[in-house]
Visitor: 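Before anything else, here's the structure in question.
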Amino acid sequence: SGTPNIMDLIKCDGAALLYGDKVWRLGNAPTESQIRHIALWLSEVHMDSTGLSTESLHDAGYPGASALGDMVCGIAVAKINSNDILFWFRSHTAEEIRWGGAKNDPSDQDDSRRMHPRLSFKAFLEVVKMKSLAWSDYEMDAIHSLQLILRGALDDVAKPTGKASLDEQIGDLKLDGIAELQAVTSEMVRLMETATVPILAVDGNGLVNGWNQKAAELTGLRVDDAIGRHILTLVEESSVPVVQRMLYLALQGKEEKEVRFDMKTHGPKRDDGPVILVVNACASRDLHDDVVGVCFVAQDMTVHKLVMDKFTRVKGDYMAIVHNPNPLIPPIFGADEFGWCSEWNAAMTKLTGWHREEVLDKMLLGEVFDSSNASCLLKNKDAFVGLCVLINSALAGEETEKAPFGFFDRSGKYTECLLSVNSRANEDGLITGVFCFIHIPSHELQQALQVQQASEQASLRRLKAFSYMRHAINNPLSGMLYSRKALKNTDLNEEQMRQIHVSDNCHHQLNKILADLDQDNIMENSSCLDLEMAEFVLQDVVVAAVSQVLIACQGKGIRISCNLPERFMKQLVYGDGVRLQQILSDFLSISVKFSPVGGSVEISAQATKNSIGENLHLIDLELRIKHRGLGVPAELMAQMFEEENTEQSEEGLGLLVSRNLLRLMNGDVRHLREAGMSIFILTAELACAPTAMRQ
């Protein structure tokens, strides 16, 4: 109750002391009955522990966590003895994570003009509840220090002050010594249990009597299963003599250091292979200084050993590959960090005429390669400077690009090639030299490059043609737009104005498609397709889409029917109406094309609303396009669903783009075949205000 008090020791919202069956509370602490209930839970579940710290009592398994609410979520406990306990409490801290679309960066937000993937219409808040701030290591060290001080101090306070006989005083001294020894022992057990390195202990017979959580984590053998087993049954057979000798010497008082042995793995770790430990032995002694057991303090070297083995294996594989006379191995040479030639493989000898022993241990720059007085002569000083820049950049750890390279071989023949230089590092990541690879294109490769270049040029010509078409189409479109605007200013009836409105919507759709011509890889990268967010009426979308197939329907005598609720069709919704119109017209066009003469195409829709706030509803829209006949060919469906080994047709590409657009709207497309019927099921996500109806 004084100042400072235990709440000043660490950052907390409340604290309590349970001592002598009495409770003292500070700050935002639970009630006295709740504190006693927590103490009872600790005595039952954590009876062997000298303390506890958790940022969530709920996650720690405390049954009364929900009753404490947000006021008490985290707790740190220090047991002075089995009955007297110190508590520190922390309240709830909400960790807010804001999501915008499919992005996980809290700084990202939705663009109000576009519909982004997944949750497009409103960012949501994810709150981590029932947790407090975590207890730091230095705070726990402070708690443990106070715990040790109070163990002695509170024992002194509890001692009787009256006079006692000599026998009673001697007895009290013995009890004090035992209590102090118990406190130190408990603290040592706690340190062993919470250590970040594996620690195990055995008695004089070699039976395990200590096995910390780290040892259990590495081996997969639980503490309860390890206690009582002989240490020699827990190590690999190859390590038995080593451990046997180490144990024998430690029991004689001779403690070996940095001894390696392998532990067996169990349970879920069994397939991971043995755990490799480097161990120090510490003899455990009793009050008479007799050795009664051994404590093994270890360091896990498993990962280090695996890395070293892999490095050794890779190094061996590298030597076997580099010096293989196989003609597929390219010419390779190298230098160490000081510039001396350290590698020259058989392919390099064949290419230059100079043997490995003739160039090794010579300066790579100046003796092996130079513009004068060198084994492999370069054309001029500029070529030498270029090679110097490449090699020194790699030695500095910089990435280098392939560069043109040329030299005269032993017979005076000039060779042109490409040179790539890569730095070479050891297992510690330190650069120890460079590797240089010479690439000489074969006749087949040169031919393939020519074909690739011709293909790229053809693609460029097609892009230029698309660009011209886009530019050329804009002129007549502008004329059509002017004509429609002029017609709107004349005395038109309602039906004529409706037809002008349909023409406007089709014009918007065409502009959107022409804008897509500017996007690269539109088929492979759907993120190029932007969704513009705006209010629209579903009826306008459906009417404009249907108008685009009416001529084809008249030619085949196909009847189109729309089974759509009028109230739903006239509702104002929020999304990309132009893209939805493009999608619907594509699937209608395919349905009409593969319908028999005199057939029919039916459009139906249904929608469900989900509220995500007082002023916004999400609409899960489902459109069905049903037509009679044999249906759409399977190869066209395979192109839409991007199945392997399918060559894209123009119609298949159109369906693929439409499907990608639906997926951007958090929807997709399905295709069903029934008896004499073929059905496209289109789904998309839109938004609306609760009372947004067209007047």
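The residues of the chain are indexed from 1 along the displayed sequence.
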Visitor: If the condition is ring pair (Phe, Tyr, Trp, His ring centres under 6.0 Å), which residues does Phe296 pass it with, not counting sequence neighbours?
Guide: none
Visitor: With a 4.5 Å cut-off on side-chain heavy atoms, are Leu277 and Met301 touching?
Guide: no
Visitor: A side-chain contact here means heavy atoms from C-beta on lying under 4.5 Å apart; do Lys269 and Leu218 qualify?
Guide: no
Visitor: How many angstroms lie between OG1 in Thr219 and CG in Leu234, if you round to the nearest 0.5 Å?
Guide: 8.0 Å
Visitor: Would Ser658 and Asp586 count as having a side-chain donor-acceptor pair, cut-off 3.5 Å?
Guide: yes
Visitor: Check step by step if salt bridge (charged side-chain N to carboxylate O under 4.0 Å, His left out) holds for Glu343 and Arg356.
Guide: CA-CA 8 Å; Glu343 189 55 71; Arg356 175 182 173 85; 2.7 Å; yes
Visitor: Does CZ belonging to Arg245 count more than 12 external heavy atoms closer than 6.0 Å?
Guide: no
Visitor: Decide yes or no for Leu584 and Leu588: does some side-chain heavy atom of the first lie under 4.5 Å from some side-chain heavy atom of the second?
Guide: yes
Visitor: To the nearest 0.5 angstrom, please state how far the CZ atom of Arg659 sits from the CG atom of Leu662.
Guide: 9.0 Å
Visitor: What closest approach, in Å, do Ala335 and Leu364 show between heavy atoms, and which atom pair accounts for it?
Guide: CB-CD2, 3.8 Å
Visitor: Are any side-chain N or O atoms of Asp336 and backbone N or O atoms of Trp340, one a donor and one an acceptor, separated by less than 3.5 Å?
Guide: yes
Visitor: Before you tell me yes or no, could you show the steps for Tyr574 and Leu686 under side-chain contact (heavy atoms from CB on, under 4.5 Å), namely the whole-Å CA-CA distance, both residues' side-chain angles and the distance that decides it to 0.1 Å?
Guide: CA-CA 6 Å; Tyr574 190 67; Leu686 304 172; over 6 Å; no
Visitor: Ignoring hydrogens, what is the shortest heavy-atom contact between Ala281 and Lys257? Give both atom names and the distance.
Guide: O-NZ, 3.7 Å
Visitor: Find the distance between CD (Glu367) and OG (Ser375) and round it off to the nearest 0.5 Å.
Guide: 8.0 Å
Visitor: So, taking the atom named CG in Asp370 and the one named SG in Cys376, what distance separates them when rounded to the nearest 0.5 Å?
Guide: 11.0 Å
Visitor: Taking Thr683's backbone N and O only, do any of them form a donor-acceptor pair with Arg670's side chain (distance below 3.5 Å, no angle check)?
Guide: no
Visitor: Quick one: are Ile583 and Ser585 in side-chain contact, heavy atoms under 4.5 Å?
Guide: no
Visitor: Run Val578 and Glu532 through side-chain contact (heavy atoms from CB on, under 4.5 Å) and show every step you take.
Guide: CA-CA 8 Å; Val578 178; Glu532 300 292 335; over 6 Å; no
Visitor: Spell out, as yes or no, whether a donor-acceptor pair under 3.5 Å connects the side chain of Asp576 to the backbone of Met533.
Guide: no
Visitor: Heavy-atom count around Lys593 NZ within 6.0 Å, excluding the residue itself: above 12?
Guide: no
Visitor: State, to 0.1 Å, how close Asn280 and Glu258 come at their nearest heavy-atom pair, and which atoms those are.
Guide: OD1-N, 2.7 Å
Visitor: Taking side chain as C-beta onward, heavy atoms only, is Phe407 less than 4.5 Å from Ile438?
Guide: yes
Visitor: Salt bridge between Asp262 and Arg260, side-chain N to carboxylate O under 4.0 Å?
Guide: yes
Visitor: Taking all non-hydrogen atoms of both residues, which atom of Phe338 and which atom of Met363 are closest, and how far apart?
Guide: O-CE, 3.8 Å
Visitor: Do you know which two heavy atoms are closest between Cys388 and Leu365, and how far apart they sit?
Guide: SG-CD1, 3.8 Å
Visitor: Please answer whether the main-chain N or O of Val278 pairs with a side-chain N or O of Asp300 as donor and acceptor at a distance below 3.5 Å.
Guide: no
Visitor: Step through the shown structure and confirm whether more than 12 heavy atoms of other residues, nucleotides or ligands are within 6.0 Å of CD on Glu357.
Guide: yes
Visitor: Run the side chain to side chain donor-acceptor pair (under 3.5 Å) test on Ser239 and Glu236 for me, step by step, so that the C-alpha distance in whole Å, both residues' side-chain angles and the decisive distance to 0.1 Å come before the verdict.
Guide: CA-CA 5 Å; Ser239 297; Glu236 290 289 329; over 6 Å; no
Visitor: A side-chain contact here means heavy atoms from C-beta on lying under 4.5 Å apart; do Ser649 and Leu636 qualify?
Guide: yes
Visitor: Check this for me, if you would: do Arg410 and Glu358 make a salt bridge, where the nitrogen-to-carboxylate-oxygen distance has to be below 4.0 angstrom?
Guide: yes
Visitor: Kindly say whether Val197 contributes a backbone atom to a donor-acceptor pair with the side chain of Asn212 at under 3.5 angstrom?
Guide: yes
Visitor: Can you tell me if Thr265 uses its side chain to pair, donor with acceptor, with the backbone of Gly273 under 3.5 Å?
Guide: yes
Visitor: Between Arg424 and Glu337, does any side-chain N to carboxylate O distance fall below 4.0 Å?
Guide: no
Visitor: Mind running side-chain contact (heavy atoms from CB on, under 4.5 Å) on Leu419 and Cys436 for me, showing each step along the way?
Guide: CA-CA 7 Å; Leu419 178 68; Cys436 304; 3.9 Å; yes
Visitor: Which ring pair (Phe, Tyr, Trp, His ring centres under 6.0 Å) pairs, counting each pair once, include a residue from residues 408-428, with sequence neighbours left out?
Guide: Phe408-Tyr414
Visitor: Do the non-hydrogen side-chain atoms of Ile231 and Leu200 ever get within less than 4.5 Å of each other?
Guide: yes
Visitor: Starting at CG of Asn660, measure out to CG of Leu655 and round the result to the nearest 0.5 Å.
Guide: 11.0 Å
Visitor: Ring-plane angle category for Trp344 and Phe369, please: parallel below 30°, perpendicular beyond 60°, tilted otherwise.
Guide: tilted
Visitor: Do Glu139 side-chain atoms and Ser136 backbone N/O form a donor-acceptor pair below 3.5 Å?
Guide: yes
Visitor: Evaluate whether atom CD of Gln457 has more than 12 neighbouring non-hydrogen atoms of other residues, nucleotides or ligands under 6.0 angstrom away.
Guide: yes
Visitor: So which heavy atom on Leu580 is nearest to which on Met665, and how close?
Guide: N-CE, 4.0 Å
Visitor: Say whether Asp409 and Ser411, considering side chains only, have a donor N or O and an acceptor N or O under 3.5 Å apart.
Guide: yes
Visitor: Please determine whether side-chain contact (heavy atoms from CB on, under 4.5 Å) holds for the pair Gln548 and Gln581, giving the CA-CA distance in whole Å, both sets of side-chain angles, and the decisive distance to 0.1 Å.
Guide: CA-CA 10 Å; Gln548 298 174 43; Gln581 178 179 304; 3.9 Å; yes
Visitor: To the nearest 0.5 Å, how far apart are NZ in Lys264 and CG in Leu221?
Guide: 11.0 Å
Visitor: For the residue pair Phe435 and Val421, establish whether any side-chain heavy-atom pair is separated by less than 4.5 Å.
Guide: no
